[in-house]
Amino acid sequence: MDERIDAGSGVEQQTRVPLSRERILRTAVELADRDGVESLSMRRLANAFGVVPMALYRHVANKEELLDGLLDVVVGEIDLPAKDDDWKTAVRERILSARRALLRHPWASRVMETRIQPTPVVMAYMDSMIEMFRAGGFTIDLTHHAMHAMGSRLMGFSQELFNDRSDTAPEMEAETYTAMADMYPSIYELFLAVSHDDASTVGPGCDDQFEFEFSLDLMLDGLERLKERETA
């Protein structure tokens, strides 16, 4: 059965590179980067190859498996652990490499939050992170606590308590906060103190990268003190 879409009579069918799981996933990542992951479907992906959707199912069973595969591609872009650095520098640099990968694919963190079971690729990444702590002299018990404390930061993003992003015009937003001043004086004080960063994803006035590195360094410094206490 010919899997290609009939381009119509008189149009010469070009020789195609055979479909593979890797080609499908790479193209799906490109589509998600360009149009958003919400718009990604098996039909749209099939159209990108000029084939019927059924042709994709031989390589990717369904949309959920496709999303898992997209994350595998993103995780595959994270740098391997540095061998010569101390544990703290190595962990920090690898987590920042994960963050750079997620910034290249802004949809990836949202997809990660929907996954119930990690893929073998994600499991291998987490296994290597545990190994980095262990190689740095952490006990298995402290490593366990570190993994819980770091949470999603190990994957390069922070799960925020509230979604502070708003499409409200800055002037109207300022009026809203001013109206809340008497009821929530501390929130209002914070609103007045921060400088605006329109591209922020962690809230108006927040510098995403600074906030991420601030919390990362805070945790790594704390873990370092705990490790030194255990080995003292």
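Just so it is clear, the model here is predicted, and its values are computed rather than measured.
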Visitor: What are the two closest heavy atoms between V52 and A46, and how far apart are they?
Guide: C-CB, 3.8 Å

Visitor: If every non-hydrogen atom of A82 is compared with every non-hydrogen atom of A90, which pair is closest and at what distance?
Guide: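 For A82 and A90, the tightest heavy-atom pair comes out as O-CB, 4.0 Å.
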
Visitor: Step through the shown structure and confirm whether more than 12 heavy atoms of other residues, nucleotides or ligands are within 6.0 Å of CE on M123.
Guide: no

Visitor: side-chain contact (heavy atoms from CB on, under 4.5 Å), that's the test. Do S39 and R44 meet it? Break it down for me.
Guide: CA-CA 8 Å; S39 66; R44 289 196 65 188; 3.1 Å; yes

Visitor: I'd like to know if the side chain of T231 reaches the main chain of K227, judged simply by a donor and an acceptor atom lying under 3.5 Å from each other, with no hydrogens or angles considered.
Guide: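 Flag set: sc T231 to bb K227 pair under 3.5 Å.
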
Visitor: Would D72 and T119 count as a side chain to side chain donor-acceptor pair (under 3.5 Å) here? Give the steps.
Guide: CA-CA 7 Å; D72 286 349; T119 68; 2.5 Å; yes

Visitor: Mind checking side-chain hydrogen bond (donor to acceptor under 3.5 Å, both in side chains) for R94 and listing every partner two or more places apart, or none if nothing turns up?
Guide: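 Scan of R94 (side-chain hydrogen bond (donor to acceptor under 3.5 Å, both in side chains), adjacent residues dropped) gives S128.
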
Visitor: State the CD1-CZ distance between I130 and F138, to the nearest 0.5 angstrom.
Guide: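 Reported value, rounded in 0.5 Å steps: 13.0 Å.
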
Visitor: Quick one: CG on D84 to OG1 on T89, what's the gap to the nearest 0.5 Å?
Guide: 11.5 Å

Visitor: If you look at every heavy atom in S215 and S158, which pair is closest and at what distance?
Guide: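 Nearest heavy atoms, S215 then S158: OG-OG, 4.5 Å.
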
Visitor: Hey, what do you get for CE (M132) to CG (D127), rounding to the nearest 0.5 Å?
Guide: 12.5 Å

Visitor: When rounded to the nearest 0.5 angstrom, what is the spacing between CE in M112 and OG1 in T114?
Guide: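 Between atom CE of M112 and atom OG1 of T114 there are 10.5 Å.
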
Visitor: Between L40 and D35, is a side-chain contact (heavy atoms from CB on, under 4.5 Å) present by the stated rule, with each step listed?
Guide: CA-CA 8 Å; L40 185 64; D35 303 325; over 6 Å; no

Visitor: Mind telling me whether H144 and H148 have parallel, tilted or perpendicular rings, with 30° and 60° as the class edges?
Guide: perpendicular

Visitor: Of the non-hydrogen atoms in S97 and D79, which two are nearest, and what is the gap between them?
Guide: OG-N, 2.8 Å

Visitor: If I compare all heavy atoms of Y125 with all of V75, which pair ends up nearest, and what's the gap?
Guide: CB-CG1, 3.9 Å

Visitor: Is it true that a side-chain atom of R100 and a backbone atom of R104 form a donor plus acceptor pair closer than 3.5 Å?
Guide: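 Flag not set: sc R100 to bb R104 has no pair under 3.5 Å.
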
Visitor: Report yes if some heavy atom in the side chain of D33 is under 4.5 Å from a heavy atom in the side chain of W107; otherwise report no.
Guide: yes

Visitor: Look at the aromatic rings of W87 and F133 and report parallel, tilted or perpendicular, splitting at 30° and 60°.
Guide: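 Tilted, since the angle between the ring planes falls between 30° and 60°.
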
Visitor: Rounded to the nearest 0.5 Å, how far does CZ of R153 lie from CE of M219?
Guide: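 Separation between the atoms: 4.0 Å.
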
Visitor: Of the non-hydrogen atoms in L154 and M129, which two are nearest, and what is the gap between them?
Guide: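 Closest pair (atom of L154, atom of M129, distance): CD2-CE, 3.9 Å.
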
Visitor: Is the shortest side-chain heavy-atom distance between R21 and E65 below 4.5 Å?
Guide: yes

Visitor: D141: what forms a side-chain contact (heavy atoms from CB on, under 4.5 Å) with it, not counting sequence neighbours?
Guide: T139, H145

Visitor: Hey, quick one: are L220 and F210 part of the same hydrophobic cluster, counting side-chain heavy atoms closer than 4.5 Å, chains of contacts allowed?
Guide: no

Visitor: Determine, stepwise, if the pair L70 / V111 fulfils side-chain contact (heavy atoms from CB on, under 4.5 Å).
Guide: CA-CA 9 Å; L70 296 187; V111 175; 5.8 Å; no

Visitor: Should the heavy atoms of other residues, nucleotides or ligands under 6.0 Å from CD of Q117 be counted, would the total exceed 12?
Guide: no

Visitor: Could you tell me whether the side chains of E77 and H105 share a donor-acceptor contact shorter than 3.5 Å?
Guide: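 Judged by distance alone, the side chains do pair up.
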
Visitor: Give a yes or no on whether Q209 atom CD has more than 12 heavy-atom contacts from other residues, nucleotides or ligands under 6.0 Å away.
Guide: yes

Visitor: Got a second to check how far F212's CZ is from L103's CG, nearest 0.5 Å?
Guide: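 If we round to the nearest 0.5 Å, F212:CZ and L103:CG are 9.0 Å apart.
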
Visitor: Under the rule for side-chain hydrogen bond (donor to acceptor under 3.5 Å, both in side chains), what residues qualify as partners of E38, not counting sequence neighbours?
Guide: R110

Visitor: Is there a path of hydrophobic side-chain contacts, each under 4.5 Å between heavy atoms of I/L/V/M/F/W/Y residues, joining M126 to L142?
Guide: yes

Visitor: Given the rule in the side-chain contact (heavy atoms from CB on, under 4.5 Å) test, do V37 and L31 qualify, once you have shown the distances and angles that lead to the verdict?
Guide: CA-CA 8 Å; V37 73; L31 290 175; over 6 Å; no

Visitor: Do L223 and M150 have side chains that approach each other closer than 4.5 Å (heavy atoms only, starting at C-beta)?
Guide: yes

Visitor: Would you say that M155 contacts I95 through its side chain, given a criterion of any heavy-atom pair below 4.5 Å between the two side chains?
Guide: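 No, every pair of side-chain atoms sits at 4.5 Å or beyond.
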
Visitor: Side-chain contact, heavy-atom cut-off 4.5 Å: L56 with L19?
Guide: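 SC-SC contact between L56 and L19 confirmed.
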
Visitor: Here's one to test your reading of the geometry: is the NZ or CZ of R99 within 45 degrees of the ring axis of F157 and under 6.0 Å from its centre?
Guide: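 Not satisfied by the 6.0 Å and 45° rule.
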
Visitor: With a 4.5 Å limit on heavy-atom distance, are the side chains of V121 and L71 in contact?
Guide: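 SC-SC contact between V121 and L71 ruled out.
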
Visitor: Are side-chain heavy atoms of E213 and R92 found at a separation under 4.5 Å?
Guide: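 Side-chain contact under 4.5 Å: yes.
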
Visitor: Counting C-beta onward and ignoring hydrogens, is there a side-chain heavy-atom pair between K63 and L66 closer than 4.5 Å?
Guide: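 Touching, per the 4.5 Å side-chain cut-off.
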
